[in-house]
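So the structure is just underneath, and the comments pick up after that.
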There are 2 protein chains.
Amino acid sequence: MPEIKLQHILTMVQLLSKGARHNFVEVTTADLGRNIGRSQQAASKHLLDLEMAGYIERVRRGQKFAVRVTDKGNTEIQSLFASLKSALESAPAAIDFEGSVVSGMGEGAYYMSLEGYKKQFLEKLGYEPYPGTLNVRLTDPVYMNARRELGRHPSIFLEGFSDGTRTYGWVKCYRASINDGAMENAAVLVLERTHYDDSMLEVIAPVSIKDAVGIKNGDRIKVQVRIDNNNSPHQMP
Amino acid sequence: MPEIKLQHILTMVQLLSKGARHNFVEVTTADLGRNIGRSQQAASKHLLDLEMAGYIERVRRGQKFAVRVTDKGNTEIQSLFASLKSALESAPAAIDFEGSVVSGMGEGAYYMSLEGYKKQFLEKLGYEPYPGTLNVRLTDPVYMNARRELGRHPSIFLEGFSDGTRTYGWVKCYRASINDGAMENAAVLVLERTHYDDSMLEVIAPVSIKDAVGIKNGDRIKVQVRIDNNNSPHQMP
DNA sequence: ATTACTAGCTTCCGAGTAC
DNA sequence: TGTACTCGGAAGCTAGTAA
């Protein structure tokens, strides 16, 4: 929507930051050039262009000029800025995965049902997981790569603990939805111990995911992990 | 500080708004070109440049590419955006005037001492003005021009009133400081009735300005009117 | 359908310099 | 000191087109 040329942005911002919104401020083209990282001649040209476009006004002041940003110019910059802002802020913060359901409700199920994790799930995630994790096998290298980097994002962090006999590592949880919203309150787990397999995604939910969305082993499944700031009561290495 | 080229901003923002921060998203150069208002070829070049600079990564996906913004690329855009934001927000919102003190404590003093105004001053400005306005004669056309437009800014608005015999117009107040901070709690008045003289600035304060800053008729004086959102309990035509 | 190369045009910039 | 002109070169863009 904004009509202003990209090259003029820095010049306009520079003028505004010098107070040229409401006052005529004295700015030399040499100074201006220095500030925007261009030559004096370029700055001079910018001012001429901007004046021609009605974005600034200038009045002679002895040998120099005093410059003020017009309403039109200010509107232009603000609207450009606003549209950039909204574009950046509306950026969806989610990571998509796609893979196939594999059987694997053995080991994971056992660990996640331990009291040391269960009470943290309830407290931090808001529910106790249905016993057993759903395992999703990723095949596309793009998804495996994303899986490898998943743990770097801010997470809901479950502390590790010890039961006297052995220790259990931390768990990072990421809220996720299944198959384009068929289930919204799932969560993907990143475990401290399993750095061994980047092609596997472990998913939990308050109920049986297979039953809730009607899938069985071997079916394709989509998992969308939300990275927005919902997750991050804690942040950890 | 940002190293990214201005021409690439729109491209990066477009990618980010499509979710390319966390996922590889499929974007064709033709679509991208359309979105940034350039040709398909230009978009293609942008992607090549950005990839070369390490701001994005691409993977072939059949015939198309899937694109993701790297950490470096995201940092670059965010920092550019942040510096623009801070430059725009730090922009001083004040209008400077300079002129000479003239005698003129007659008429203004009378009006401003009317009960209908006095109680509004106390309520909205926080003090009762010292009886009498300080008049400042502006000579520079730049200041006269600014004076003419002063009333368009958000103000502390005093309602007009009637005493049964005649009516008294509204008054807009703008907090102001005198001579670079020698006095901080002055206020400039814009009266409904006086559209007749753009070269005169009427200033009030809780005490005698002349005494407080040590000036007399004929002296040069600087008045800085603050336009920030401090003023604007009301807004009015 | 896609990406991206080439050629040619336009825009932008910097150096030199007039005023 | 200032601004801003001309001019040559660099950068950016588009159209055409190859792959």
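Owing to the predicted nature of the structure, the values given are computational and were not obtained by experimental measurement. Labels below follow one simple rule: chain letters A, B, ... track the order of the sequence lines, proteins then strands, and each chain is numbered from 1.
One can place CG of B:D31 at 12 Å from P of C:dA1, the figure rounded to the nearest angstrom. B:L6 places its CG atom 18 Å from the P atom of C:dT11, with the value rounded to the nearest Å. Protein atom NZ of B:K5 is 13 Å distant from nucleotide atom C1' of C:dC13, rounded to whole Å. Protein atom CZ of B:F65 is 14 Å distant from nucleotide atom P of C:dT2, rounded to whole Å. Rounded to a whole Å, the CG atom of B:L32 is 13 Å from the P atom of C:dT2. Across the protein-nucleic acid pair, B:D49 atom CG and C:dA4 atom P stand 11 Å apart, rounded to whole Å. Taking atom NZ of B:K45 as the reference point, atom P of C:dA7 lies 15 Å away to the nearest angstrom. Atom CD in B:Q41 sits roughly 10 Å away from atom C1' in C:dT3 (whole-Å rounding).
Checked against a 6.0 Å centroid threshold, the rings of B:F65 and B:F24 do not count as neighbours.
A side-chain donor-acceptor contact under 3.5 Å links B:S199 and B:R137. For the residue pair A:N217 / A:K210, a side-chain donor-acceptor distance below 3.5 Å is found, with atom types taken as modelled. Checked by atom type, the side-chain pair B:E57/B:T70 shows no donor-acceptor distance below 3.5 Å. Side-chain atoms of B:T133 and B:N135 include a donor-acceptor pair closer than 3.5 Å.
The residue B:L48 sits close only to the backbone: its heavy atoms come under 4.0 Å of sugar-phosphate atoms, none of a base. When heavy atoms are screened at a 4.0 angstrom cut-off, A:H46 is found touching the sugar-phosphate backbone but no base atom. When heavy atoms are screened at a 4.0 angstrom cut-off, A:S44 is found touching base atoms of the nucleic acid.
Between chain A and DNA chain D, the heavy-atom contact criterion of under 4.0 Å yields a 5' to 3' nucleotide range of D:dT1 to D:dC5.
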